[in-house]
Amino acid sequence: MPPAVATRARRARQIAEVLLRHGLGYLVSIFGLERFVPLHRGLLGHPRRPEPYAAPEHLRMALEELGAAWIKLGQFLATRADLLPPSYQRELARLQDAAAPVPGAQIQAVIEAELGRPVSELFARFEPEPLAAASIGQAHAATLPDGTEVVVKVRRPGVVEQVEQDLELLLTLAHTASRHWELAETYDIVGIVQEFALTLRAELDYLREGRNAERFAHNFAGNPAVHIPRVFWEYTTSRVLTLERIRGIKIDNLTALDAAGFDRTELAERVARILMQMVFEDGFFHADPHPGNFFVEPDGTIGLIDFGMVGIVDAPTQDRLAQLLLALAQQDPDRLVDAFLELGVARRYVDRLALREDLRHFVLSYYDRPLRELRLEPLLKEALAIVRRHHLHLPTNLVLLAKTVMMAEGLAARLAPDFQVATLLPGYVRRLLLHRYLPLRWIRRLSWTGLEAAEFGLELPRQLRRLLHALEQGSLQLGMRPEGFEPLIARLERLTNRLVLGMITAAFIVGLAVLMTAFRLPGIEPLIGPLFGLGFLLTALLAAYLIWVILRSGQI
């Protein structure tokens, strides 16, 4: 067996053992991992406590045990309220991306290999003990030769190889699950794994994180109340990222904020406005706004860190959001259904009447409530529950957007329980709608439409010639997906199987009778009765076997 194949098999066996140890044998079956480990091993070795662990807790513990890629997968799935029920979201949100630190000597070796000089020459001071250690990398405090305080993020040795192996395995498991599990195909698990792989690979590349930081710095260049750390590119590679150090009070340290005399309601509004600007004005937002990434500096400036996970709200998405908000404002259920379906991707047939009724109830529940009483988290969770109920699949950036808004509201509520983020929404929504319906924007869109129409007019004769040529040659093929015909097709398959079974049984009986009639050997007359009985018995046994086979396949 080639070494790469053997390594994959060992990792697959380890995954299967961890899942079984945590009572997740159904996942072993769905992912086709049974051949790697005997099922009787069960729960041996998993942590114990007086009250049994719930299924979401077992899933979280299994992901923690499997390492970096799986922890990140759990964190990614915790944001997917369109896929998972709340109990699993809450539990997976508890996943801590922490790991035992890599020894300082190994970290310094990585820095020297990447930057080409000894650490003692690169930095006036370098702390070997990390400020934080995560599954992908760890951060160290340092000082540049000119006295500037920095934080050096270093990727853990070997993490890329392990993550790539796990991502390849995850994709294989997702393809297997799609063949064995109807829900896996319905929710496009293969596509979800591919989206997750893109997100995780982006986090592995520190050059990308540095560019994200610079883009945020550009967007907030005119806002002195926001501090984005400077990137020191001469000390940065894909494995090493050197950023200006942000010093201040962590925004969830309420005791320290009160002791320093900060107005927490003002801070809550400032943080909310920062995130609203990212979403509604810049279309480029910090997708991991947990309290550990926000600092309050002595002069009240908000400092942001950790730019590995970002989201983008492009112009088409802004247009669809504007349509949705307009339909909500007008309480138009039909337009709301259209806007809702344009935001999501329907992987299968959608019952428009049922979706319309769900959305109508949703609008009526919140329409007359004043903004000061409106909380965004339950509103968004209910909307995402509708998405999940109708098997819609939201693009990753929209899911990240919903998660970011909910986290922003939670952060603001922790700072000032009486402050409601929703009170800031009308101004940004009006700005979004005005931007959509600006005459200049419509003129620009019309000009592009005119150019596309002209190009289509030029291409149309050529395409028609190709179509006519295909018709003349008889090579034109039409494809059709029989959506909604699955029950009818299944019934036809069962009917066909029954007819075939009856024909086979009848053929055996007729064949046996013909043989007994045609071949009459001398002295066989006394044996005809027993032979007929034996023949009928064999035929009955064969028919019973065929029925059993077809019943097991579920096709009769």
Close side-chain approach of [X] and [Y], heavy atoms under 4.5 Å:
X	Y	result
Phe285	Ile312	no
Leu19	Tyr26	no
Met278	Phe284	no
Val226	Asn223	yes
Asp306	Glu209	yes
Lys250	Pro291	no
Leu167	Arg201	yes
Asn219	Arg215	yes

- Task: Could you give me the CA-CA distance, side-chain angles and deciding distance for His22 and Leu59, then say whether side-chain contact (heavy atoms from CB on, under 4.5 Å) is met?
- Result: CA-CA 7 Å; His22 289 280; Leu59 179 60; over 6 Å; no
From [X] [atom1] over to [Y] [atom2], what is the distance, rounded to the nearest 0.5 angstrom?
X	Y	atom1	atom2	answer
Glu164	Gln162	CD	CD	11.0 Å
Gln277	Asp282	CD	CG	4.5 Å
Arg60	Glu65	CZ	CD	12.0 Å
Ile302	Ile274	CD1	CD1	5.5 Å
Met61	Leu66	CE	CG	12.5 Å
Ile192	Phe76	CD1	CZ	7.0 Å

- Considering the options Leu304, Leu411, Asp288, Ile246, which one meets the side chain to side chain contact (heavy atoms under 4.5 Å, CB included) requirement together with Asn293? Asp288
What is the minimum heavy-atom distance between [X] and [Y], and which atoms define it?
X	Y	answer
Ala174	Val193	CB-CG2, 3.8 Å
Thr404	Pro289	CG2-CG, 3.9 Å
Leu379	Phe362	O-CE1, 3.5 Å
Arg155	Leu204	NH1-O, 2.9 Å
Gly74	Leu63	CA-CD1, 3.7 Å
Pro56	Glu91	O-CG, 3.3 Å

Basic-acidic side-chain contact under 4.0 Å: [X], [Y]:
X	Y	answer
Arg230	Glu214	no
Arg208	Glu203	no
Asp338	Arg352	yes

- Do Asp351 and His390 have a side chain donor and acceptor closer than 3.5 Å?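 Judged by distance alone, the side chains do not pair up.
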Has [X] got a side-chain atom pairing as donor or acceptor with [Y]'s backbone, closer than 3.5 angstrom?
X	Y	answer
Asn212	Met309	no
Glu266	Asp263	no
Lys403	Ala287	yes
Thr199	Glu195	yes
Thr423	Phe419	no
Arg264	Ala416	no
Arg270	Gly300	yes

- Query: What is the ring orientation for His286 with Phe307, classed by angle as parallel under 30°, tilted 30 to 60°, or perpendicular over 60°?
  - Reply: perpendicular
- In sequence, state the C-alpha distance, the side-chain angles, and the governing distance for Val296 and Leu257, and then conclude on side-chain contact (heavy atoms from CB on, under 4.5 Å). CA-CA 8 Å; Val296 183; Leu257 291 175; 3.9 Å; yes
- Message: Please determine whether the number of non-hydrogen atoms from other residues, nucleotides or ligands lying under 6.0 Å from atom NE2 of His290 exceeds 12.
- Response: yes
- Item | Derivation and outcome, side-chain contact (heavy atoms from CB on, under 4.5 Å), residues Val28 and Leu24 | CA-CA 7 Å; Val28 173; Leu24 302 170; over 6 Å; no
- Message: I'd like to know whether Leu73 forms a side-chain contact (heavy atoms from CB on, under 4.5 Å) with Leu170, so could you lay out the CA-CA distance, the side-chain angles of the two residues, the decisive distance to 0.1 Å, and finally the verdict.
- Response: CA-CA 10 Å; Leu73 176 63; Leu170 267 171; 3.9 Å; yes
